Structures are given as C-alpha cells and as structure tokens.
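Note that the structure is a prediction, hence the values are computed from the model and not measured.
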Amino acid sequence: MSTDLTRLDASELASKIHSREVSSVEVTQAHIDRIGQADGALHAFLHVAGEQALVAAKEVDSAIAAGDEPVSALAGVPIALKDIFATTDMPTTCASKILEDWVSPYDATLTTKLREAGIPILGKTNMDEFAMGSSTENSAYGPTRNPWDTTRIPGGSGGGSAAALASYQAPLAIGTDTGGSIRQPAAVTATVGTKPTYGTVSRFGLVACASSLDQGGPCGRTVLDTALLHEVIAGYDPRDSTSVDEPVRPVVEAARQGASGDLKGVRVGVVKELRSDSYQRGVIASFDAAVAQLTALGAEVVEVSCPNFEYALASYYLILPSEVSSNLARFDAMRYGLRVDDGDMSAEQVMAATRAAGFGKEVKRRIMIGTYALSSGYYDAYYGSALKVRTLIARDFDAAYEKADVLVSPTSPFTPWKLGEKVDDPLAMYLSDLCTLPTNLAGHCAMSVPSGVSADDGLPVGLQIMAPALADERLYRVGAAYEAARGPIASPVS
Ligand code: GLN
C-alpha cells in the first residue's frame, strides 16, 4: 500500500526526496492531483501552475540523481504562494480586478529564493483584495472556504494559503502579515504561521499594502516545517530599503531544541489586555489550557500589562489606510493593469473610471479613510495621533519584555465565523485583529500555533506567541515545545 504523500509533513517529504525514497515529481504530482480533487469546494487557489511546478520538481530530482547535495533543506517540497508576490511565469492579481491576468516582468525576491531553494510553486493562493480583510471574502474572484467547515471563513487576508495547508493541497505556504493575515488564518484553520520581524524577509516584489507594516512569512502544518521555510525566505536584500542587514535567526535549531526539551528558564508573559471576557468562551478556555501546558513544561508564567494595546485597533486603522491611499495611487490605468476608456475620456476620467471599476468596496473604503486622514487640517489629529500611539505601544512591549522573554495571547478572539456574517459590518470584521495588530505596529515577530478546538463549537483556536524584534527563534522554541506537549489535533478534513 502506498502512503498518501499529501498527508506527510514537509520535513518528512524532504528527507524522503533527498534519500530518493520518493521523487519530487511524485510528491508534486500528488499535490496537483489533490488540488484537482479538493479545490473545487474550497477555492484556495486563484491560479494553479502544475506544469511549471513539475519542471522545477524534475530539476531537483535530476540533481539528486546526479549525486548533488540538495540545494536547500526543503528542495523538492512544493509550496502554495499568496497571490501578492510577483511571479514572471504566472499572474499576480492580489485578488483584485484591477490586476486581472497581470503578469509581472520580474520575480519578487521571495519568489527567487523559493526557486533557488528548489521549491516547486504549485500556484497562487486566494486572499482579500490587496490583503485588506480578515475573511478572504474581499477577493474579487470569490471567497475561499474553511476546510474544517465549508460554510465558514478561512481567515484573511491569507485564507487561501491557510486553507491549502489545512486541506493537504500544499505542505508549505507563504503569506503576508500586515495586521494578522498570516496568524489569524493559521488560527482558524489549525495550521502554523509566523510573522517574522519586520525587515527580515524582503518586501521587494511584494505588492505593497501598508509598507511600514507588511511582512512576508512562512506557513506550515508544523512548527518545524514553518521554521525550515522561515530560513529559506529570510535574509538581507539590498533591493528592499527597509531590509535589516542582520544574519538570519537560527529558527530551525530553536524548533528542534523546543520539540525535544522543556521550557525551564523561559519567562512567558500573559498580556492582561489580550485576554478579555468579551472573547469567545471556548477561545479563552483553550488559551488558559495552553498557558497551563507552558507552566507544566517548566516556563515561568507572569502577567504583564500593556495598557496602550487598547488603542492599537484605532491606530492601525488610521496608519494602514493612510499608507494604502498612497501606495494604491499607482493603479492609475496608465502603466499596467485594468484600463477603462471609452475613447472619449480625459486622462482624469480614465483614472476615475478604472479605479471605480477595478477596486472593491473595502479597498475603496480604506483609500477614502486614508486620504481623509492625510489631508491638510486633519493630518495631525488623525495620522499624527496614530503614530504617537504606535510609539506608546512599542514602549508597552519594551516594558513587558523586561519581565518576559515571550508574550502570549489567543491569536483571534473568535473561532471562524460563517461566510457573510460580518461582511456588512467592517468594525466587527476589524475586531478579529485585536490580538495580532500590536506586533505589526511595533515591528516585532509573532507566531500562531494551534491550541486545539473550542469546546463551544469544535472549531480551531490558535495560541499567539510574540517576541521582540530579531528574537524570532524564541517563537520557535516555545512553539515547538508547546506543540509537542499538546499532541496531534484530529482534523475533520478527509
Ligand atoms: N485583517 C487586517 C486588515 O484587514 C490585516 C490584514 C493583513 O495583515 N494584510 O487590515
């Protein structure tokens, strides 16, 4: 009887491919077949690139057959890429009509790193338009569904990547996290996702949402797989002006250490402001059980207070729209993408008609809020105040990290809700980002690791682990130790 290759972890697949027990072509083909079988009901992918993936797989197989060392620890293991990273051989749409069928003339640095690491790209995954949203319902191409319950959202904006992992359509995936778009989808699909320290994964070729917050990052079904991918994609890039010129953090070593060890000597801070009675009861129960498990592993658990986190949502939803209004000005119908022009229009009319037709409701809402917040007369009151709050949040973190090595909270206050439930209530949607936003505002790193299912509805809950800038390895040590202690979570996905 042959094993179903789609059920194996990326690290297992890598060792089987590198020892020639299976080929990368077989592994890649198994995932392409799985996409064909499962994705009709889920819509995790906007574009599937089976042929190109098989070409990349074959190259890895030939090199291994010729006796070469694998080009990376994940060589031959295929991946799903969020449709916000530029790729020369398939479209990059950001799930927007304004970029329908658009193909980039260059690869993102992250795309290049995947190719150089011998990682076949299965296709591009669905997302909220230009990464604005928490449910993937803002995709111009229709929503993605949660593999745990197809009447529910898979999180957002990276719902496609998380759903691809949770439904075994890909063993690895890439997301971006501006306010939680890697971590919240991970939480609601029982997968793992990390927002690395700002500046440590190149933004070159990552279509900008809010440049001071955007960060690409790794997603997997296990902490170790996520760490292996983290090391592939991180690193200084002179083509990104905010890239940090520091060595890649030793996250794989930390994950291995965590999985086989205890947490003696590790100080874990529970953030008082991120554990509220207004959260879903089952989420709080799962979180408390996770904290008890960390204590049992030998961690020293303390409570910390970050009073300014209360204003994170208000600050984020001014800073993000302000940057969005500026970044999305590039979609002017002149250079690339959609162009609506009846032949009789002035340049201004073409721009207005194109943007009216090309952007969805949420994107327009944020462009308007941002334009307003940046307008003269309101700049100091809105954008200026938001920046001050951002500084206060960073100070809260600094004080908390004097008492703790990592901080923890639930990743999201709720389990995945029903499709359609929050689409007409933006504020309700924004509230799902409550726990993830502070990390982005501070430029720090954080991970979501599954903490089981909620007792009230049987749906996934995520534990968020946060660490200071350039201490990403702490996330992996604590995450891997917790994952090993927690044990496997039975997935209903067949
Ligand atoms: N849900 C948040 C938002 O709508 C975060 C998005 C993201 O991280 N890209 O802005």
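- Side-chain atoms of Ser412 and Tyr279 include no donor-acceptor pair closer than 3.5 Å.
- Partners of Tyr106 by ring pair (Phe, Tyr, Trp, His ring centres under 6.0 Å), not counting sequence neighbours, listed by chain and number: Phe204.
- Between Ala255 and Ala480 the shortest heavy-atom distance is O-CB, 3.2 Å.
- Residues Glu323 and Ser326 have side chains that never bring a donor and an acceptor to within less than 3.5 angstrom of each other.
- Each side-chain hydrogen bond (donor to acceptor under 3.5 Å, both in side chains) pair with one or both residues in residues 10-21, not counting sequence neighbours, appears once here: Ser11-Asp225, Lys16-Glu21.
- Residues Pro185 and Pro154 are not in side-chain contact: their nearest non-hydrogen atoms beyond the backbone lie 4.5 Å or more apart.
- Ion pairing between a basic and an acidic side chain is recognised when a charged N comes within 4.0 Å of a carboxylate O; Asp240 and Arg203 show such pairing.
- Taking CG of Asp472 as the start and OG1 of Thr197 as the end, the distance is 3.5 Å to the nearest 0.5 Å.
- Using modelled atom types, no side-chain atom of Glu362 and backbone atom of Glu129 make a donor-acceptor pair closer than 3.5 Å.
- Looking only at side-chain heavy atoms (C-beta outward), Gln280 and Asp457 come within less than 4.5 Å of each other.
- If you check the side chains of Ser161 and Thr125, you find a donor sitting under 3.5 Å from an acceptor.
- Remark: His444 engages Phe397, Tyr401 in a ring pair (Phe, Tyr, Trp, His ring centres under 6.0 Å) (not counting sequence neighbours).
- The backbone N or O of Asp128 lies less than 3.5 Å from no partner atom in the side chain of Ser139, so there is not a single donor-acceptor pair.
- Residues Phe85 and Thr111 come closest through the heavy atom pair CB-OG1, 4.0 Å.
- Looking only at distances, no side-chain donor or acceptor of Thr226 sits under 3.5 Å from a matching main-chain atom of Gly193.
- Partners of Asp237 according to the side-chain hydrogen bond (donor to acceptor under 3.5 Å, both in side chains) rule, which considers only residues two or more places apart in sequence or in another chain, are Thr109, Ser202.
- Put simply, the side chain of Phe130 does not reach to within 4.5 Å of the side chain of Val324, judged on heavy atoms.
- Ion pairing of Arg256 with Glu253 is absent here, as no side-chain N (NZ or NE/NH1/NH2) approaches a carboxylate O to less than 4.0 Å.
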*Would Leu110 and Leu206 count as a side-chain contact (heavy atoms from CB on, under 4.5 Å) if you check the C-alpha gap in whole Å, the side-chain angles of each, and the deciding distance to 0.1 Å?*
CA-CA 8 Å; Leu110 185 142; Leu206 158 61; over 6 Å; no

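- With sequence neighbours left out, Thr28 forms a side-chain hydrogen bond (donor to acceptor under 3.5 Å, both in side chains) with no residue at all.
- Interatomic distance, Met90 CE to Leu46 CG, rounded to the nearest 0.5 Å: 12.0 Å.
- In this structure, the side-chain contact (heavy atoms from CB on, under 4.5 Å) partners of Ala485, at least two apart in sequence or on a different chain, are Gln293, Leu297.
- With sequence neighbours excluded, the residues satisfying ring pair (Phe, Tyr, Trp, His ring centres under 6.0 Å) with Tyr317 are Tyr430.
- Shown here for Leu434 and Pro413, the closest heavy-atom pair between the two residues is CB-CG, 4.3 Å.
- Tyr141 is linked by a ring pair (Phe, Tyr, Trp, His ring centres under 6.0 Å) to nothing, counting only residues two or more places apart in sequence or in another chain.
- Between Val449 and Tyr482 there is a side-chain heavy-atom pair separated by less than 4.5 Å.
- The main-chain N or O of Ala210 is found under 3.5 Å from a side-chain atom of Asp214 such that the two form a donor-acceptor pair.
- Judged by distance alone, with hydrogens and angles left aside, the side-chain atoms of Thr144 form a donor-acceptor pair with the main-chain N or O of His43 at under 3.5 Å.
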Name the atoms and distances for all side-chain donor-acceptor pairs under 3.5 Å in residues 47-60, with sequence neighbours left out.
residue : atom : partner : partner atom : Å
Gln52   : NE2  : Asp89   : O            : 2.6

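- With respect to the salt-bridge test (charged N to carboxylate O, under 4.0 angstrom), the residues Lys422 and Asp425 do not qualify.
- Remark: the Asp39 side chain and the Gln169 side chain contain an N/O donor-acceptor pair separated by less than 3.5 Å.
- Ring geometry for Tyr336 against Phe331 counts as perpendicular: the plane angle is over 60°, on a 0 to 90° scale with 30° as the lower cut.
- Judged by distance alone, the side chains of Ser24 and Asp61 never bring a donor and an acceptor atom under 3.5 Å apart.
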*asked:* Does Leu74 form a side-chain contact (heavy atoms from CB on, under 4.5 Å) with Glu231? I'd like the steps, not just the answer.
replied: CA-CA 10 Å; Leu74 289 171; Glu231 286 196 6; over 6 Å; no

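- Counting only heavy atoms from C-beta outward, the side chains of Ile174 and Ile233 approach each other to under 4.5 Å.
- Ser181 and Gly133 get closest at one heavy-atom pair: OG-O, 4.2 Å.
- In this structure, Ser448 and Thr411 approach most closely via the heavy-atom pair OG-OG1, 2.8 Å.
- With contacts defined as side-chain heavy-atom distances shorter than 4.5 Å, the pair Ile182/Cys219 qualifies.
- Minimum interatomic distance between Thr151 and Arg145 (heavy atoms only, all atoms of both residues): CA-NH1, 4.3 Å.
- Side chain of Arg486 to backbone of Ala290: no donor-acceptor contact under 3.5 angstrom is found.
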*Evaluate side-chain contact (heavy atoms from CB on, under 4.5 Å) for Phe287 paired with Ser451, printing each intermediate quantity in order.*
CA-CA 7 Å; Phe287 173 69; Ser451 66; 6.0 Å; no

_Let's go through Val340 and Val350 carefully: what are the C-alpha distance in whole Å and the side-chain angles of both, what is the deciding distance for side-chain contact (heavy atoms from CB on, under 4.5 Å) to 0.1 Å, and is it a yes or a no?_
CA-CA 6 Å; Val340 177; Val350 170; 6.0 Å; no

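- Note: Tyr168 and His31 fail the aromatic proximity criterion, with ring centroids not under 6.0 Å apart.
- The main-chain N or O of Pro196 is never found under 3.5 Å from a side-chain atom of Thr200 such that the two would form a donor-acceptor pair.
- For Thr136, the side-chain hydrogen bond (donor to acceptor under 3.5 Å, both in side chains) test picks out no residue, with sequence neighbours left out.
- In the model, Ser409 has a side-chain atom that pairs as donor or acceptor with a side-chain atom of Gln464 under 3.5 Å.
- One side chain, Ser134 or Asp433, offers a donor N or O that lies under 3.5 Å from an acceptor on the other.
- With a 4.5 Å cut-off on side-chain heavy atoms, Leu320 and Cys209 count as touching.
- Evaluation of the side-chain hydrogen bond (donor to acceptor under 3.5 Å, both in side chains) rule for Gln37 yields Arg34 as partners, not counting sequence neighbours.
- Formation of a donor-acceptor pair under 3.5 Å by the Asn440 side chain with backbone atoms of Thr178 is found in this model.
- At a cut-off of 3.5 Å, with distance as the only test, no side-chain donor of Thr222 or Glu483 sits close to an acceptor on the other residue.
- Looking only at distances, a side-chain donor or acceptor of Arg335 sits under 3.5 Å from a matching main-chain atom of Arg330.
- Without hydrogens or angle criteria, Glu116 side chain to Lys113 main chain gives no donor-acceptor distance under 3.5 Å.
- Listed by first then second residue, pairs satisfying side-chain hydrogen bond (donor to acceptor under 3.5 Å, both in side chains) with a partner in residues 72-88 read Lys82-Ser157, Lys82-Thr176, Asp83-Thr93, Asp83-Lys124, Thr87-Thr92, Thr87-Lys124, Thr88-Asp107, not counting sequence neighbours.
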